Amino acid sequence: MSSSSNDKPTRQFTTEIVHADRLAGAEYGAVHQPIHTSVQYGYEKVEDLIGVFQGTIKGGFNYARQGTPTTAALEAKVTQMERGQGSIVFSTGMAAVCAVFLTLLKAGDHLLASKFVFGNTNSVFGTLADLGIEVTTVDVTDAAQVAAAVRPNTRMVFVETIANPGTQIPDLEAIGTLCKERGLLYVVDNTVASPYLFRPVTVGAGLVINSLTKSIGGLGDALGGAVTDTGLFDWSSYPNIFAPYRKGDAKGWGLQQIRKKGLRDMGGMLSSQAAHQLALGAETLALRMDRTSATALALAQWLEQHPAIARVHYPMLESHPQHAIARKHFKAGSWLLAFELRDADQCLSFCNRLQLPIKATGLADTRTLIIPVAHTIFWEAGPAVRANMGIGDGMVRLSVGLEEIEDLLADFEQALA
C-alpha cells in the first residue's frame, strides 16, 4: 500500500467506502453514520445560528431542507468516490439534473447538450426552452460537432457518460479539452458508468451528476441524486453566480449556489432515511458493477450471435462504434445494454415470454429489468426524436442484475426460440 505526500494511505475503492463512516468519526464506535431525523438544529448562542445561515461557520445545520448530518455523510462518500471537492445530494437524480440547469442557467443562455440522453432529461430541455434558455443537441460522439455548435452565449456542455438507452459514448476527452479552452462548464452525468468504472474528473468535467438510485445505491429501494464539484472549473469567471455568493474562496461558489437555490429554494432535499439506505448500497458498488458488467458482456456477446437480433448496443463489444473510447476510459461496460429485434412486431411478445427479467422501468437493480423503449420511456418524445436518437420500435433496454449468466442465457434462449 502506497502513501501520498501527506502520509495519508492510498486505499482501494471498496476499502475506502466501507470504512468511510467509521474513519470520519461516527459516535460510539459505530461503523455507520446514524440516521438524523431532526428537521431543526438548535444552538446555545444565536450568533452561531447566524454564522451557519451566513456561511461563516462551516459544517453546521439549521433546517433539514438544506441538509442533515446523515445527508452530509453521504455527500462526503460521493465526493470521495468521484475524487471531487464537494457534493450535494438530492431527492432524485432528476432533481439533481434540474438543479444544475435551473440554478446555473438563465434566460438568454445557451446549453449545448448531447442528443443521446435519458428521456426525462430530454423533456427538461423543452422546459428550459420555454423559460428562454436556448438548447442545442448534437451528436457528442464527434467532438467537432460540439465545437461547431458553440455560441457566444454558450455557458454549459452536458453529456451522459454512457447514454441511456443506446449506450453511445461521447468523445469525453476531446470535449473536456474544448470546454477548458472555451471556458465552458462541462457537466457529465455519470449514472450508468458510476465513479467505480469511470471518474469524469479525469477528462476535465467541472460538475458530475449521479442518480444515486441507480449504480451507487443499487438495491432498488431508495431514490436519490448527487452533484459533485470536481474543483476543475473556475467559478470566478462564471457570470451567473449571484452577487451574495461571490465572497470567500471562488471554488465553493458553484455548489453554494446549487445548494441555496436547488435545496433551500426548490426543496429537492434527500431524506435522511433514504440517504442512509443509499450509503449502505454504496458499500457494494464495486462488487455489483464487476458482476453485472461481466454478465452484461456475456449476454451481449450471446445476443449478437442470435439470428433474431439485428443489433446489440454494449460498449465492450468490438462492434460498438465507441468501443475504443470505452476501453480507454472504463474499467468495464456496466449493466446497461440495448438490442434490436429483427422483427419489431415481436418486441412485446418476446418481452412477455421472458421469465427472469422483470418488466419494469428503472435501472441498476439487483434484479434484471427489461423494457421496450419506444413504447414506454421514449413514447412521449415522439417518432421524430426517437429516430434522431436511433431508437426503433424493436429496441429493448436491459438492466442486467445479479442473476447467474447461465440462468439468463437459458431464459433468453427459450424466449427467442
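Basis for what follows: all heavy atoms, side chains included, without hydrogens, waters or symmetry-related copies. Here the structure is a predicted model, which means the values were calculated and not measured.
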Colleague: Regarding Ser87 and Thr79, is there a side-chain donor-to-acceptor distance under 3.5 Å anywhere?
Modeller: yes
Colleague: Which atoms form the tightest heavy-atom contact between Pro372 and Leu348, and what is the distance?
Modeller: CG-CD2, 3.8 Å
Colleague: Any donor-acceptor pair under 3.5 Å linking the side chain of Thr368 with the backbone of Gly401?
Modeller: yes
Colleague: Mind checking whether Leu369 and Pro357 have side chains closer than 4.5 Å, heavy atoms only?
Modeller: no
Colleague: Taking atom types as modelled, find out whether Ser319 and Glu304 have a side-chain donor-acceptor pair closer than 3.5 angstrom.
Modeller: yes
Colleague: Between Thr70 and Pro34 (side chain of the first, backbone of the second, donor and acceptor by atom type, cut-off under 3.5 Å), is there such a pair?
Modeller: yes
Colleague: Is Thr141 reaching over with its side chain to a backbone N or O of Pro170, donor-acceptor style, under 3.5 angstrom?
Modeller: no
Colleague: Give a yes or no answer on whether the side chain of Thr154 reaches the backbone of Arg151 with a donor-acceptor pair at less than 3.5 Å.
Modeller: yes
Colleague: Quick one about Asn164 and Arg397 (side-chain donor to acceptor, distance below 3.5 Å, no hydrogens or angles considered), yes or no?
Modeller: yes
Colleague: Side chains of Ser272 and Thr68: is there a donor and an acceptor less than 3.5 Å apart?
Modeller: yes
Colleague: Which heavy atom in Ala282 sits nearest to a heavy atom in Ile17, and how many Å separate them?
Modeller: O-CG2, 3.7 Å
Colleague: Keeping Arg288 on the side-chain end and Ser215 on the backbone end, is there a donor-acceptor pair under 3.5 Å?
Modeller: yes
Colleague: Would Leu104 and Met156 count as a side-chain contact (heavy atoms from CB on, under 4.5 Å) here? Give the steps.
Modeller: CA-CA 9 Å; Leu104 297 177; Met156 182 186 298; 4.0 Å; yes
Colleague: Is the number of heavy atoms from other residues, nucleotides or ligands under 6.0 Å of Lys180 NZ greater than 12?
Modeller: no
Colleague: Could you check whether Lys77 pairs with Glu16 (Lys NZ or Arg NE/NH1/NH2 to Asp/Glu carboxylate O, under 4.0 Å)?
Modeller: no
Colleague: Can a donor-acceptor pair be found, under 3.5 Å and without considering hydrogens, that links the side chain of His320 to the backbone of Thr167?
Modeller: yes
Colleague: In terms of side-chain heavy atoms, does Glu283 have a donor or acceptor partner in His32 at a distance below 3.5 Å?
Modeller: yes
Colleague: Do the side-chain N and O atoms of Trp235 and Asp229 include a donor-acceptor pair separated by under 3.5 angstrom?
Modeller: yes
Colleague: Does the side-chain contact (heavy atoms from CB on, under 4.5 Å) test come out yes or no for Leu219 and Gln277, once each step is laid out?
Modeller: CA-CA 9 Å; Leu219 304 179; Gln277 289 173 264; over 6 Å; no
Colleague: Which pair of heavy atoms, one from Asn190 and one from Asn210, lies closest together, and at what distance?
Modeller: O-OD1, 3.3 Å
Colleague: To the nearest 0.5 Å, what is the distance between OG1 on Thr71 and CG on Leu278?
Modeller: 11.5 Å
Colleague: With a distance cut-off below 6.0 Å to the six-membered ring centre and an angular limit of 45° from the axis, does Lys260 pair with Phe242 as a cation-pi contact?
Modeller: no
Colleague: Between Asp142 and Val146, is there a side-chain heavy-atom distance shorter than 4.5 Å?
Modeller: no
Colleague: Please assess Ile162 against Phe330 for the test side-chain contact (heavy atoms from CB on, under 4.5 Å), listing each intermediate value before the final yes or no.
Modeller: CA-CA 10 Å; Ile162 302 174; Phe330 306 154; 3.8 Å; yes
Colleague: Dump the intermediate steps for side-chain contact (heavy atoms from CB on, under 4.5 Å) on Ile209 and Val188, then the final yes or no.
Modeller: CA-CA 6 Å; Ile209 297 173; Val188 178; over 6 Å; no
Colleague: Atom CG of Leu303 and atom CZ of Arg311: how far apart are they, to the nearest 0.5 Å?
Modeller: 14.5 Å
Colleague: Using modelled atom types and a 3.5 Å cut-off, is there a donor and acceptor pairing between side-chain atoms of Tyr196 and backbone atoms of Leu287?
Modeller: no
Colleague: If you measure from CZ on Phe158 to OG1 on Thr137, what distance do you get to the nearest 0.5 Å?
Modeller: 12.0 Å
Colleague: Would you give the length of the straight line joining atom CD of Gln257 to atom OH of Tyr238, rounded to the nearest 0.5 angstrom?
Modeller: 8.5 Å
Colleague: Looking only at atom types and distance, does a side-chain atom of Gln346 sit under 3.5 Å from a main-chain N or O of Leu416, one as donor and one as acceptor?
Modeller: no
Colleague: Check whether His36 reaches the backbone of Ser38 with its side chain - one donor and one acceptor, N or O, closer than 3.5 Å.
Modeller: no
Colleague: If you compare all heavy atoms of Leu74 against all heavy atoms of Leu212, which two are closest, and at what distance to 0.1 Å?
Modeller: CD2-CD1, 3.9 Å
Colleague: When the aromatic ring centroids of Tyr314 and Phe339 are compared, is their separation below 6.0 Å?
Modeller: no
Colleague: Check Asp249 with Lys251, please: is the shortest side-chain N to carboxylate O separation under 4.0 Å?
Modeller: no
Colleague: Return the CD1 to CH2 distance between Ile309 and Trp302, rounded to the nearest 0.5 Å.
Modeller: 7.5 Å
Colleague: Compute whether any side-chain donor of one residue and acceptor of the other, for Gln168 and His313, lie under 3.5 angstrom apart.
Modeller: no
Colleague: Quiz question: by atom type and distance under 3.5 Å, do the side chains of His329 and Thr202 form a donor-acceptor pair?
Modeller: no
Colleague: Taking only Lys NZ, Arg NE, NH1 and NH2, and the carboxylate oxygens of Asp or Glu, determine whether Arg353 and Asp411 approach each other closer than 4.0 Å.
Modeller: no
Colleague: Gln322 side chain to Ile169 main-chain N or O, any donor-acceptor pair under 3.5 Å?
Modeller: yes
Colleague: Look up atom CG in Leu105 and atom CG in Leu185, then write down how far apart they are to the nearest 0.5 Å.
Modeller: 8.5 Å
Colleague: Check Glu403 with Arg291, please: is the shortest side-chain N to carboxylate O separation under 4.0 Å?
Modeller: no
